[in-house]
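These notes concern the structure reproduced below.
Atoms considered below: every heavy atom in the structure, side chains included; atoms not considered: hydrogens, waters and symmetry mates. Nothing here was measured: the structure is a model prediction, and the numbers come from that model. All chains are named by letter (A, B, ...) in the order of the sequence lines, taking the proteins before the strands, and each is independently numbered beginning at 1.
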Number of protein chains: 2
Amino acid sequence: MVMKKRNFECAPGCSIEAALAPIDGKWKGVILFHLLEKTYRFNELQRKLNSRVTQRMLVKQLRELEEAGMVERKVYAQVPPRVDYSLTEEGRSLEPVLRALWSWGTDWMARNPDKQAKTAA
Amino acid sequence: MVMKKRNFECAPGCSIEAALAPIDGKWKGVILFHLLEKTYRFNELQRKLNSRVTQRMLVKQLRELEEAGMVERKVYAQVPPRVDYSLTEEGRSLEPVLRALWSWGTDWMARNPDKQAKTAA
DNA sequence: CTGAATCCAATCGGATACTG
DNA sequence: CAGTATCCGATTGGATTCAG
């Protein structure tokens with residue numbers, strides 16, 4: 001996605017856009033999905049994403065999710081630092097959406113085993 | 001969303017990304033949702049989107065959806081031209097996802113009547 | 001370990017004008 | 001009606017380096 005700031009602006013009545021907003025961005029959907037399972041630290045998340053995401057992007061996406069109220073960021077005053085990311089209640093409310101996405105994606109991948117080799121090699 | 005070409009490339013096992021691909025783009029989700037209801041002509045769709053989308057973008061999104069196999073484009077040899085857009089079976093399989101999105105978006109808008117004024121004025 | 005800062009190419013997406 | 005063509009600012013997202 002990609003828009004001026006899609007901070008949930010939305011034409012009156014356009015629920016789809018509102019729902020798309022928080023999961024828009026290259027990694028947000030996946031991040032939210034993983035957080036559904038448990039709280040993660042920064043680089044646990046990065047590993048979960050198969051390290052295909054750069055720090056810069058992961059930080060950015062997490063910040064946006066935080067700002068949107070979907071994710072909570074808890075910083076521990078330690079050295080070395082530790083930051084936990086977890087879903088807020090709001091974020092957790094996305095569960096049905098994320099499950100629907102996961103389900104469709106799983107089926108789709110089963111139907112199209114060819115179109116996703118790229119990273120498999 | 002927004003990526004090099006996210007042609008459904010996806011890390012092995014990442015269903016979420018696969019599912020996000022077809023609905024990524026500023027208007028795709030909404031377009032698909034509308035097509036769920038019925039077949040639409042080009043500018044019927046544009047009106048459905050409250051004319052907030054430019055021709056250029058609508059064309060582009062539709063082309064991508066077509067290429068992804070989600071939407072079928074039927075051209076009638078007429079003057080003036082007529083082009084019908086409808087969901088393919090593949091596209092229709094997204095229905096549960098779209099409904100989940102719609103549902104969440106509707107709830108969200110009810111919870112946050114403030115954050116969506118922008119276009120309402 | 002969890003970032004922030006900088007640089008940069010590519011893409012996105014709007015505005016506008018034109019066409020069969 | 002359903003596009004195409006062009007221009008252009010804004011955003012995306014990767015790579016790399018630095019820091020507390």
Using atom [atom1] of [X] as one end and atom [atom2] of [N] as the other, report the distance to the nearest whole Å.
{"X": "A/Trp27", "N": "D/dT12", "atom1": "CH2", "atom2": "P", "value": "15 Å"}
{"X": "A/Lys74", "N": "C/dG3", "atom1": "NZ", "atom2": "P", "value": "15 Å"}
{"X": "A/Met57", "N": "C/dA9", "atom1": "CE", "atom2": "P", "value": "19 Å"}
{"X": "A/Leu49", "N": "D/dG14", "atom1": "CG", "atom2": "C1'", "value": "15 Å"}
{"X": "A/Lys60", "N": "D/dA15", "atom1": "NZ", "atom2": "P", "value": "15 Å"}

For each nucleotide in nucleotides 1-8 of chain D, reading 5' to 3', give B when a protein heavy atom comes within less than 4.0 Å of its base, S when such contact involves only the sugar-phosphate, and - otherwise. BBBB-B--
So that I can tick it off, tell me whether B/Arg99 and B/Glu95 are bridged by a salt bridge, with the cut-off set at under 4.0 angstrom between side-chain N and carboxylate O. yes
Between A/Arg63 and A/Glu67, does at least one N-O distance fall below 4.0 Å, as a salt bridge requires? no
Which angle, rounded to 10°, do you find between the first-five-pair axis and the last-five-pair axis of the helix from C/dC1-D/dG20 to C/dG20-D/dC1?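 Angle reported: 50°, given to the nearest ten degrees.
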[X] side chain near [Y] side chain, heavy-atom distance below 4.5 Å:
{"X": "A/Pro22", "Y": "B/Trp104", "result": "yes"}
{"X": "B/Leu94", "Y": "B/Leu36", "result": "no"}
{"X": "A/Leu49", "Y": "A/His34", "result": "yes"}

How close do A/Leu32 and A/Leu87 get, heavy atom to heavy atom, and via which atoms? CD2-CD2, 3.6 Å
Can B/Leu62 be reached from B/Tyr76 by stepping across I, L, V, M, F, W or Y side chains whose heavy atoms are under 4.5 Å apart?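 No; B/Leu62 is not reachable from B/Tyr76 via cluster members.
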Side-chain heavy atoms under 4.5 angstrom apart, residues restricted to Ile, Leu, Val, Met, Phe, Trp, Tyr: same cluster for A/Val75 and A/Val79? no
Respond yes when some side-chain nitrogen or oxygen of A/Thr54 is under 4.0 Å from OP1 or OP2 of D/dG14, and no when none is. yes
